[in-house]
Student: 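The structure follows.
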Amino acid sequence: MKPDAALDYEVIVIGAGVAGIYMIKRLTDLGIRATVLEGEADIGGTWYKNRYPGARFDSESYTYGYSFSKSLLDGWDWKEHFSPQPHTLEYLNYVVDTFGLRAHMQFGTRVERAHFDDAGSFWRLSLGDGRVLVARFVVMAVGLLSTPTLPRIPGREDFKGQAFHTFHWPQEPVALAGKRVAVIGTGATAIQLIPEVAKQAARLTVYQRRPNWAAPLNNRPIPPSEMTEIRARYDEIFAQCERSPYGFVHEPDRRGFYEVPREERIKLWDRLYDEPGFAIWLANFREIFSDEAANAELSEYIAMRIRQRVKNPELAEKLIPRDHGFGVQRVPMESGYFEAYNRDNVDLVDISETPIDRITERGIRTVEHRIDGTEVWHEREFDIIVYATGFDAITGAFDHIDIRGTDGEALREKWRDGPTTFLGMMIHGYPNLLMPNGPQSGSASTNYPRGIEVGVDWCTRLLEHMHARGLERAEATEAAEAHWSTHVADMYQKLLMRKAKSWFTGYNSNVDGHEAGRIRYFVYNGGMPKYRSVIAEVAANGYEGIMFTGVQNHAEA
Ligand code: NAP
């Protein structure tokens, strides 16, 4: 066992986003020698990177802030119910500066390899700048949607205009006025972006492979008087988030779908559709997630609302999903998305009918396969192409680091067919590797900060437990990991989500092995209250499922 004094740090945290910031706060409060390694030039993670116009919370702002410090809550005013990216990044800077956390962070520092030294019980991290750091523990705070993916369309490099993924939207303002812009993709990101680009660009062409259900965000400003009222209710708001399955202020309607007469169901949906945030998704009947007929009825209702909003009936039909029901994929929230298609400067190209054949020097070429067997090409010219094509979700950021455990096996090999974990926070064969918001954890399917605080607190308490007992090594047992991963997989069986082509099930057509039909059990679907009680019980039972080793004799404790 390598002595502590020979380590560079006791704990290295990878990532300075929402999870990494809170993790380093807890560690430094305990006087633990720790650092955060961040590949980007500054803090913020997802909120540092996603600078595309329209990027904002889909969570109510006042449920997204950290809840652990009253003075932090007292010192910050949210300006909108759903905060836009620049203000959110300002918030995270406010947190970091308030607690002087930047002093414990190293920027522009990308971790390339993390190898566990079995004999010495420590992690050796090789960095992009050539340094090697050793630490007893590594905390993965690498983000769940932080590895963008580009479509495998020939000719991408040929395009002579500006082209970027939404995740890499340039920091300096992009001049959209007078430009011909293409957006490829219609996920949550594109659905925020499209109305904003439509307002500025000369021409916007959206390339849609599959439409996505979306519903109004109903954002509005928070005047100072309302912020005072929100501040007075913080305890109540966070208690409500704790009670609700996914960490939001929205709680499901617990009446049985079929016990409520149809007219009343419609009345409820009329109300929820006009409410802010995820109400229409998460304050709905629980059956919409598991019962085909209930889901179909809600989907038909949402389709009707889309038809009301899109003037061209043919176009409206193209914007209505047919291959999945409302809410079985993550519902994008929108601010004038459907109305954007009523503008004269916006076109939709349905690439399920006329696929993209290639990117050219000047734009995008689609091909139409006619019934008579002939093919017709159509090239549209652009100044800017935006790829809103999503992420190698949940495990992508892990796969980008060469992580090797006790027997030298690469984590990306172990997880080739999908992740297996203990509580989403530990991995058998990878001792002292902690994931406060890892795959299969409660936070992966929750209002992130609400889940992240739970995960970070649990990991911190585990470290305290070990410290108090002179334990230097913790590893999930094979049995505990198998049990948890089976439990996570079992929960998918009840949900319509399992059939959806979405990142919740590991689908990404741009990543090998992530094709539809090869389901990956990425998220814990039992809800945060249950997750919290399970992980608390594990801790109360002396961390059942975790094998500890002590300092002096390597004996199992
Ligand atoms: P996404 O939901 O995975 O959507 C990607 C889009 O790109 C889909 O429309 C997809 O079409 C399309 N696409 C991918 N590859 C393509 C290809 N080769 N050719 C043509 N089209 C292609 O990604 P996202 O919109 O970035 O959102 C990901 C997640 O980020 C969201 O679900 C959400 O959790 C999070 N997010 C959160 C917020 C927020 O909280 N405010 C905002 C934005 C995003 P198919 O559907 O056919 O695959």
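Numbering of ligands and ligand atoms starts at 1, following listing order.
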Student: Should you measure from each heavy atom of Phe391, which atoms of ligand 1 turn up under 4.0 Å away?
Tutor: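 Here the atoms of ligand 1 in question are 26 (O).
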Student: Under 3.5 Å between some N or O of ligand 1 and some N or O of Ala190?
Tutor: no
Student: Could you go through Ile359 and Asp158, starting from their C-alpha distance and side-chain angles, then the distance that decides it, and tell me whether this counts as side chain to side chain contact (heavy atoms under 4.5 Å, CB included)?
Tutor: CA-CA 7 Å; Ile359 310 281; Asp158 298 343; 5.9 Å; no
Student: Using a 4.0 Å cut-off to any heavy atom of Arg56, which atoms of ligand 1 qualify?
Tutor: 39 (C), 41 (N)
Student: With side chains defined as the heavy atoms from C-beta onward, is the minimum distance between Phe522 and Leu144 less than 4.5 Å?
Tutor: no
Student: Just one of Tyr64, Tyr94, Tyr66, Tyr62 clears the ring pair (Phe, Tyr, Trp, His ring centres under 6.0 Å) bar with Trp76, so which one?
Tutor: Tyr94
Student: With a 4.5 Å heavy-atom cut-off, do Thr189 and Phe167 have their side chains touching?
Tutor: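 Result no, sub-4.5 Å side-chain heavy-atom pair not found.
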Student: Heavy-atom distance to atom 30 (O) of ligand 1: which of Leu145, Leu150, Asp392 wins?
Tutor: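 Considering heavy atoms of Leu145, Leu150, Asp392, the nearest to atom 30 (O) of ligand 1 sits in Leu145.
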Student: Of all the atoms in ligand 1, which lie at a distance below 4.0 Å from a heavy atom belonging to Ile351?
Tutor: 20 (C)
Student: What verdict does the salt bridge (charged side-chain N to carboxylate O under 4.0 Å, His left out) test give for Glu379 and Arg358, after you've listed the backbone C-alpha separation in whole Å, the side-chain angles of each residue and the deciding distance to 0.1 Å?
Tutor: CA-CA 9 Å; Glu379 183 178 354; Arg358 67 174 301 117; over 6 Å; no
Student: Just let me know how Ala393 lines up against ligand 1, side chain, backbone, both or neither, with a heavy-atom cut-off below 4.0 Å.
Tutor: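 Answer for Ala393: neither.
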Student: Taking atom CZ as the centre, does Arg233 end up with more than 12 heavy-atom neighbours from other residues, nucleotides or ligands that are less than 6.0 angstrom away?
Tutor: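 Check passes, neighbour count above 12.
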Student: So does Tyr273 get a backbone contact from the side chain of Asn218, meaning a donor-acceptor N/O pair under 3.5 Å?
Tutor: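 Answer holds: yes.
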Student: Between Gly390, Ser445, Ala388, Gly187, which one has a non-hydrogen atom sitting closest to atom 7 (O) of ligand 1?
Tutor: Ala388
Student: Which bit of Thr186 is near ligand 1, meaning a heavy atom under 4.0 Å away: side chain, backbone, both or neither?
Tutor: both
Student: Under 4.0 Å, counting heavy atoms only: does Lys501 come that close to any atom of ligand 1?
Tutor: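 It does not, in that no heavy atom of Lys501 comes within the 4.0 Å cut-off of ligand 1.
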Student: Judged by atom type as modelled, is there a donor-acceptor pair below 3.5 Å linking the side chain of Ser443 to the main-chain atoms of Thr446?
Tutor: no
Student: Could you check Val534 against Trp484 for side chain to side chain contact (heavy atoms under 4.5 Å, CB included), going step by step and ending with a plain yes or no?
Tutor: CA-CA 11 Å; Val534 170; Trp484 180 255; 3.8 Å; yes
Student: For the 3.5 Å polar cut-off, considering only N or O atoms, please tell me whether Arg152 and ligand 1 meet it.
Tutor: no
Student: Tell me: protein heavy atom nearest atom 17 (C) of ligand 1, and distance?
Tutor: Arg209 NH1, 3.4 Å
Student: If you measure from each non-hydrogen atom of Ile191 to ligand 1, which part falls under 4.0 Å: side chain, backbone, both or neither?
Tutor: neither
Student: Would Asn212 count as being in polar contact with ligand 1, using the rule that some N or O on each side must be under 3.5 angstrom apart?
Tutor: no
Student: Does any N/O atom on Arg330 come nearer than 3.5 Å to any N/O atom on ligand 1?
Tutor: yes
Student: With heavy atoms under 4.0 Å as the rule, classify the contact between Asn50 and ligand 1 as side chain, backbone, both or neither.
Tutor: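 None of Asn50 does.
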Student: Side-chain contact, heavy-atom cut-off 4.5 Å: Glu300 with Glu297?
Tutor: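 Not touching, per the 4.5 Å side-chain cut-off.
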Student: Does Tyr507 come within less than 4.0 angstrom of ligand 1, counting non-hydrogen atoms of the residue?
Tutor: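 Contact check Tyr507 vs ligand 1: positive.
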Student: Distance to 0.1 Å, residue and atom name: give those for the protein heavy atom nearest to atom 18 (N) of ligand 1.
Tutor: Asn510 OD1, 3.0 Å
Student: Please answer whether the main-chain N or O of Phe326 pairs with a side-chain N or O of Asn295 as donor and acceptor at a distance below 3.5 Å.
Tutor: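 Side chain of Asn295 to backbone of Phe326, a donor-acceptor pair under 3.5 Å: yes, one is there.
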Student: For Tyr52, which part has a heavy atom under 4.0 Å from ligand 1: side chain, backbone, both, or neither?
Tutor: side chain
Student: Are Asn508 and Phe391 side-chain neighbours, meaning at least one heavy-atom pair lies under 4.5 Å?
Tutor: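 No, too far: nothing below the 4.5 Å cut-off.
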Student: Counting non-hydrogen protein atoms only, what is the nearest one to atom 26 (O) of ligand 1? Give residue, atom name and distance.
Tutor: Thr189 OG1, 2.7 Å
Student: With nothing but distance in play, are any N or O atoms of Tyr448 less than 3.5 Å from an N or O of ligand 1?
Tutor: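 No, Tyr448 has no N/O under 3.5 Å of an N/O on ligand 1.
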Student: Please determine if Ala188 has a nitrogen or oxygen closer than 3.5 Å to a nitrogen or oxygen of ligand 1.
Tutor: yes
Student: Is the closest N or O pair between Arg210 and ligand 1 shorter than 3.5 Å?
Tutor: yes
Student: Which of the listed options, Thr389, Asp58, Val206, holds the heavy atom that is closest to atom 14 (C) of ligand 1?
Tutor: Thr389
Student: What is the closest protein heavy atom to atom 28 (C) of ligand 1, and at what distance does it sit?
Tutor: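 Ranked first by proximity to atom 28 (C) of ligand 1 is Trp503 NE1, 3.9 Å.
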Student: Taking only heavy atoms of Gly185, which atoms of ligand 1 are found under 4.0 Å from at least one of them?
Tutor: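 Counting from 1, the qualifying ligand atoms are 6 (C), 7 (O), 9 (O), 12 (C).
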Student: Take atom CD in Gln308; do more than 12 heavy atoms of anything else shown fall under 6.0 Å from it?
Tutor: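 For Gln308, atom CD is crowded (more than 12 foreign heavy atoms under 6.0 Å).
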Student: Have a look at ligand 1 and work out which part of Phe57, if any, has a heavy atom under 4.0 Å from it: side chain, backbone, both or neither.
Tutor: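 For Phe57, the contact with ligand 1 is made by the backbone alone.
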Student: Are Phe238 and Arg450 packed together at the side-chain level, in the sense that at least one heavy-atom pair is separated by less than 4.5 angstrom?
Tutor: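 Result yes, sub-4.5 Å side-chain heavy-atom pair found.
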Student: For the pair Met528 and Glu242, evaluate side chain to side chain contact (heavy atoms under 4.5 Å, CB included) and give the outcome as yes or no after the intermediate values.
Tutor: CA-CA 7 Å; Met528 232 18 220; Glu242 265 195 27; over 6 Å; no
Student: In ligand 1, which numbered atoms sit nearer than 4.0 Å to a non-hydrogen atom of Pro151?
Tutor: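 So the atoms of ligand 1 that pass are 17 (C), 18 (N).
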Student: Identify which one of Tyr91, Tyr52, Phe57 satisfies the ring pair (Phe, Tyr, Trp, His ring centres under 6.0 Å) criterion when paired with Trp47.
Tutor: Phe57
Student: Using a heavy-atom cut-off of under 4.0 Å, does the side chain or the backbone of Gln208 touch ligand 1, or both, or neither?
Tutor: neither
